[in-house]
Peer 1: 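Got a structure for you, questions after.
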Protein chains: 2
Amino acid sequence: MEHEVKIPKTRNGKATFQLIIDTTIDLFYKKGYFQTKIKDITDEAGIAAGTFYLYFPNKFVLYKYILMEFQHEIRRQISIQVSNVEGRFEKEKVGIKTFIQFALDNPHAYNIIWESLYVDKQLFINYYDGFAKRYEKGLKQSIEDGEMYDVDTELVSYILMGVANFIGLKVLLELGEDKGNVDEVVDQVMNIIQTGIFKKVK
Amino acid sequence: MEHEVKIPKTRNGKATFQLIIDTTIDLFYKKGYFQTKIKDITDEAGIAAGTFYLYFPNKFVLYKYILMEFQHEIRRQISIQVSNVEGRFEKEKVGIKTFIQFALDNPHAYNIIWESLYVDKQLFINYYDGFAKRYEKGLKQSIEDGEMYDVDTELVSYILMGVANFIGLKVLLELGEDKGNVDEVVDQVMNIIQTGIFKKVK
DNA sequence: ACAAAACATGAATGATTATTCAGTTTGTGA
DNA sequence: TCACAAACTGAATAATCATTCATGTTTTGT
């Protein structure tokens with residue numbers, strides 16, 4: 001994958017490399033992958049068209065590179081946060097919170113990750129299936145520990161991802177609004193998941 | 001919107017019109033909006049390139065047309081099914097079930113609807129915001145009727161959409177597998193939503 | 001059967017864009 | 001300070017596509 005990416009060796013080269021990436025993230029977010037042209041990237045970055053090809057053979061390879069960076073970063077953050085709390089419920093809560101917080105802090109990332117479904121379906125599947133499997137592992141542990149009912153772990157992992165994603169989406173689309181009340185939103189979500197939404201009918 | 005679409009007047013014209021739409025749905029699903037070229041559509045449909053322009057001025061107008069068709073159809077189906085049952089919980093259950101069933105019966109639609117986020121963000125917002133508002137209306141009624149806790153209806157509507165979407169996604173990506181057990185999946189989902197996932201800790 | 005309307009064709013045009021490469025500049029280590 | 005590697009340039013090339021339109025065919029109403 002990244003063999004196709006030519007890593008720069010000097011200070012200047014690294015700066016240009018990173019400039020291309022940052023500019024591209026911005027454009028992918030604003031215009032989408034397919035509507036972003038190489039010329040758009042190099043113009044916006046203030047470099048020559050040919051410079052792009054010093055580091056990336058084409059747009060797709062750059063896209064994959066950016067996707068991997070996001071994936072590593074979000075997993076790293078969740079991993080860090082989750083390790084700081086005890087109990088499966090608390091861990092799930094922190095996991096979802098970190099996920100939502102990431103979407104808030106990096107609205108670019110959120111958008112770009114989802115677009116993988118249309119850029120290359122296999123990329124998308126790898127991404128989310130990997131997530132689901134991680135979730136499942138934790139959920140199974142919870143059931144063993146008696147903290148959770150004996151539910152279908154695969155299904156629940158998708159439900160949790162769905163919830164986190166739609167909350168992220170909601171916030172993403174409401175550009176400008178609230179944004180600050182992540183804790184409150186997460187608390188409400190977790191409360192709903194914990195207690196259910198509907199009253200028990202006898 | 002549809003003024004830009006030239007509706008055919010004869011039997012033959014209608015057939016060609018529909019052939020273009022069906023072929024396009026298939027290609028959008030398989031290759032995505034941006035990677036589908038007009039020539040791909042006309043070749044696949046077995047018509048001349050120019051014929052496309054008899055009915056649609058460009059690809060985007062055709063995309064919007066298809067999106068509207070899906071929107072009408074899914075809402076129609078949900079409306080029909082929901083009207084057949086009593087009680088908010090049952091209505092939600094049937095609503096989610098119909099939504100998932102729709103995704104199963106029309107994997108094309110599911111994929112194409114989501115792509116609107118990248119084709120034209122405003123289309124996406126209109127689509128899902130409309131859904132959320134409909135959900136909210138029902139939820140508020142449920143709370144009034146005492147069938148539901150006094151939750152944040154906007155948040156819950158997004159949670160329900162998130163769940164339904166991710167279940168749809170899961171099934172979509174598992175091409176070939178199960179597919180038959182919609183009832184069972186929906187029952188599990190609704191059970192989880194009704195009772196919560198985690199055991200109450202005193 | 002005939003004129004008008006509708007439908008269909010596909011080669012030609014022109015716009016857009018990815019990618020290359022010969023030449024130039026910049027930085028670095030000896 | 002010299003030589004070499006790394007970085008950079010942007011005009012030129014070539015491929016891809018959307019869209020048009022002059023021409024031809026089919027259908028329909030009368």
Side-chain angles (χ1 to χ4, degrees), chain A residues 1-28 30-66 115 118-120, chain B residues 1-28 30-67 112 115 118-120:
Chain A
M1 300 296 156
E2 286 147 32
H3 308 127
E4 309 162 41
V5 176
K6 178 86 71 37
I7 304 294
K9 312 200 166 168
T10 70
R11 185 173 293 282
N12 278 355
K14 284 184 205 301
T16 301
F17 182 84
Q18 195 57 45
L19 177 62
I20 290 172
I21 290 173
D22 292 343
T23 304
T24 303
I25 288 173
D26 190 52
L27 288 175
F28 278 176
K30 288 201 288 215
K31 311 173 49 165
Y33 173 83
F34 292 106
Q35 279 157 306
T36 298
K37 310 302 175 185
I38 304 293
K39 194 79 193 327
D40 295 336
I41 295 170
T42 54
D43 281 356
E44 185 72 20
I47 58 179
T51 303
F52 178 91
Y53 296 93
L54 291 178
Y55 304 108
F56 305 96
N58 55 53
K59 198 168 61 167
F60 182 61
V61 167
L62 172 55
Y63 179 81
K64 283 195 292 186
Y65 186 87
I66 288 172
E115 196 169 15
Y118 303 99
V119 174
D120 184 320
Chain B
M1 299 296 157
E2 285 146 33
H3 308 127
E4 310 160 41
V5 177
K6 179 84 72 39
I7 304 293
K9 312 198 165 168
T10 70
R11 185 173 296 284
N12 277 354
K14 284 185 206 300
T16 302
F17 182 84
Q18 196 57 46
L19 177 62
I20 290 173
I21 289 174
D22 292 343
T23 305
T24 303
I25 288 173
D26 190 51
L27 288 175
F28 279 177
K30 287 201 288 214
K31 311 174 50 165
Y33 174 83
F34 292 105
Q35 279 159 305
T36 299
K37 310 302 175 185
I38 303 295
K39 194 79 193 325
D40 294 336
I41 295 170
T42 54
D43 280 357
E44 185 73 19
I47 59 179
T51 303
F52 178 90
Y53 296 93
L54 292 178
Y55 304 107
F56 305 96
N58 55 53
K59 198 169 63 168
F60 182 60
V61 167
L62 171 55
Y63 179 81
K64 283 195 293 187
Y65 186 87
I66 288 172
L67 204 63
I112 292 170
E115 195 170 14
Y118 302 99
V119 175
D120 183 322

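Chain letters run A, B, ... following the sequence lines, proteins first and then strands; every chain starts at 1.
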Peer 1: Would a distance-only check, ignoring hydrogens and angles, find a side-chain to backbone donor-acceptor pair under 3.5 Å from B/Y118 to A/E115?
Peer 2: yes
Peer 1: Measure the shortest side-chain to side-chain distance between B/I21 and B/T24 over non-hydrogen atoms and say whether it is less than 4.5 angstrom.
Peer 2: no
Peer 1: Ignoring backbone atoms, establish whether B/T16 has a side-chain N or O less than 4.0 Å from OP1 or OP2 of C/dC7.
Peer 2: no
Peer 1: Taking the side chain from B/D22 and the backbone from B/I25, do they hold a donor-acceptor pair closer than 3.5 Å?
Peer 2: no
Peer 1: Can you label the angle between the A/F60 ring and the A/Y33 ring as parallel, tilted or perpendicular, going by 30° and 60°?
Peer 2: perpendicular
Peer 1: Give a yes or no on this: more than 12 heavy atoms of other residues, nucleotides or ligands lie within 6.0 Å of atom NZ of A/K14.
Peer 2: yes
Peer 1: Between A/G46 and B/T36, who's closer to the 5' end of DNA chain D by nearest nucleotide?
Peer 2: A/G46
Peer 1: Taking 5' to 3' order, which nucleotide of DNA chain D is first and which is last to have an atom within less than 4.0 Å of a heavy atom in chain B?
Peer 2: D/dC17 to D/dT27
Peer 1: Which angle, to the nearest 10 degrees, lies between the helix axes at the two ends of the helix from C/dA1-D/dT30 to C/dA30-D/dT1, each defined by five pairs?
Peer 2: 20°
Peer 1: Can you measure A/F56 atom CZ to C/dA18 atom P for me and round it to whole angstrom units?
Peer 2: 16 Å
Peer 1: May I ask you to decide if the ring planes of B/Y63 and B/F28 are parallel, tilted or perpendicular, using 30° and 60° as cut-offs?
Peer 2: tilted
Peer 1: How is B/Y55 classified with respect to the nucleic acid when contacts are heavy atoms under 4.0 Å: base, sugar-phosphate, or nothing?
Peer 2: sugar-phosphate
Peer 1: Sort and list the pairs that fulfil salt bridge (Lys or Arg N to Asp or Glu O under 4.0 Å) and have at least one residue in residues 42-53 of chain B, not counting sequence neighbours.
Peer 2: B/K39-B/D43
Peer 1: Could you give the CG-to-P distance, from A/D43 to C/dT16, as a whole number of Å?
Peer 2: 14 Å
Peer 1: Output a table of nitrogen or oxygen pairs between the protein and nucleotides 19-21 of chain C separated by less than 3.5 Å.
Peer 2:
from, atom 1, to, atom 2, distance (Å)
C/dT19, OP2, A/Y53, OH, 3.3

Peer 1: Check whether any side-chain heavy atom of A/K59 lies under 4.5 Å from a side-chain heavy atom of A/I38, and answer yes or no.
Peer 2: yes
Peer 1: For nucleotides 25-30 of chain C, which of its nitrogen or oxygen atoms have a protein nitrogen or oxygen under 3.5 Å away, and what is each distance?
Peer 2:
from, atom 1, to, atom 2, distance (Å)
C/dG27, OP1, A/N12, ND2, 3.3

Peer 1: Would you please indicate yes or no on a ring centroid separation below 6.0 angstrom for B/Y65 and B/F17?
Peer 2: yes
Peer 1: Specify the separation, in whole Å, of atom CD1 of B/I47 and atom P of C/dA6.
Peer 2: 19 Å
Peer 1: Checking A/K37 now: which residues fulfil salt bridge (charged side-chain N to carboxylate O under 4.0 Å, His left out) with it, not counting sequence neighbours?
Peer 2: none
Peer 1: For the residue pair A/F52 and A/I20, establish whether any side-chain heavy-atom pair is separated by less than 4.5 Å.
Peer 2: yes
Peer 1: Hey, does A/L27 have a side-chain heavy atom less than 4.5 Å from the side chain of A/I41?
Peer 2: yes
Peer 1: Mind checking whether B/Y55 and B/V5 have side chains closer than 4.5 Å, heavy atoms only?
Peer 2: no
